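Worth saying up front: this structure is predicted, and the values here are computed from it rather than measured.
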Amino acid sequence: MNYWLMKSEPDVFSLADLKSRPGRKEPWDGVRNYQARNFMRDEMKVGDRILFYHSNTKPPGVAGIAEVASKPYPDPTAFDKKSKYYDAKSDPENPRWVLVDVKYSKSFKHFVPLEAMKAMPELASMRVLQRGNRLSITPVTQAEFDAICQAGE
DNA sequence: GCCAACGTTGGC
DNA sequence: GCCAACGTTGGC
């Protein structure tokens with residue numbers, strides 16, 4: 001089993017939004033970064049656990065847990081001319097962008113703010129805490145995952 | 001294949 | 001709203 005951190009702007013899509021979706025599931029569409037795509041395409045497995053991170057909000061931080069709920073498949077928004085994620089260069093015969101479905105698992109009792117994460121020695125090498133990190137999907141270690149869960153409960 | 005220009009991300 | 005950091009694009 002692998003562990004991940006996935007960022008979402010809560011104004012656009014929050015953990016509470018995921019919880020309220022039918023089946024508590026949602027396709028993680030709109031990823032237009034190759035590294036993030038490759039993680040979904042090549043490394044994610046159904047059942048992998050996800051730290052659901054709220055970015056671009058006050059305060060930013062981890063709101064709770066989700067899990068990978070499907071194998072990778074082509075991102076339909078890339079072919080939808082009305083979508084803001086439309087990509088004319090993605091050929092339906094050879095899709096450029098893929099996604100996985102993400103399923104709600106739980107909301108933390110205590111939101112874990114970025115500021116608190118920075119103060120946790122266990123998270124010193126965590127990717128999302130490194131300077132200049134912008135990647136919306138990053139792998140995390142089990143130790144990092146456990147430390148954040150502990151802080152959240 | 002280099003690299004400047006540009007657009008985006010995301011904390012502050 | 002600012003701006004540093006980073007990824008992508010496109011001219012050469």
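- Under 3.5 Å, the side chains of A:Y34 and A:R41 contain no donor-acceptor pair of N or O atoms.
- In this structure, A:D87 places its CG atom 15 Å from C1' of C:dG7, rounding to the nearest Å.
- B:dG10 atom C1' lies 8 Å from atom CD of A:E9, rounded to whole Å.
- Between the CD atom of A:Q130 and the P atom of B:dG11 there is a distance of 14 Å, rounded to whole Å.
- The side chain of A:Y34 contributes no N or O atom lying less than 4.0 Å from OP1 or OP2 of C:dC6.
- Put simply, A:K89 has a side-chain N or O that comes within less than 4.0 Å of OP1 or OP2 on C:dT9.
- No hydrogens or angles considered: a donor-acceptor pair under 3.5 Å links the side chains of A:D87 and A:W97.
- For A:K7, a side-chain nitrogen or oxygen approaches OP1 or OP2 of B:dG10 to under 4.0 Å.
- A:F39 has its ring centre no less than 6.0 Å from the ring centre of A:W28.
- Whole-Å rounding puts the A:R134 CZ to B:dC6 C1' distance at 12 Å.
- Rounded to an integer number of Å, the gap from A:N33 CG to C:dG7 C1' is 7 Å.
- The separation between A:Q35 atom CD and B:dT9 atom P is 15 Å, rounded to whole Å.
- Distance CG (A:L114) to P (B:dC12): 6 Å, rounded to an integer number of Å.
- Between A:N133 atom CG and B:dG10 atom P there is a gap of 8 Å when expressed in whole angstrom units.
- When each of A:G132 and A:N56 is assigned the nucleotide of DNA chain C bearing its nearest heavy atom, the one mapping closer to the 5' terminus is A:N56.
- One finds a salt bridge joining A:E153 and A:K106 here, because a Lys/Arg side-chain nitrogen approaches an Asp/Glu carboxylate oxygen to under 4.0 Å.
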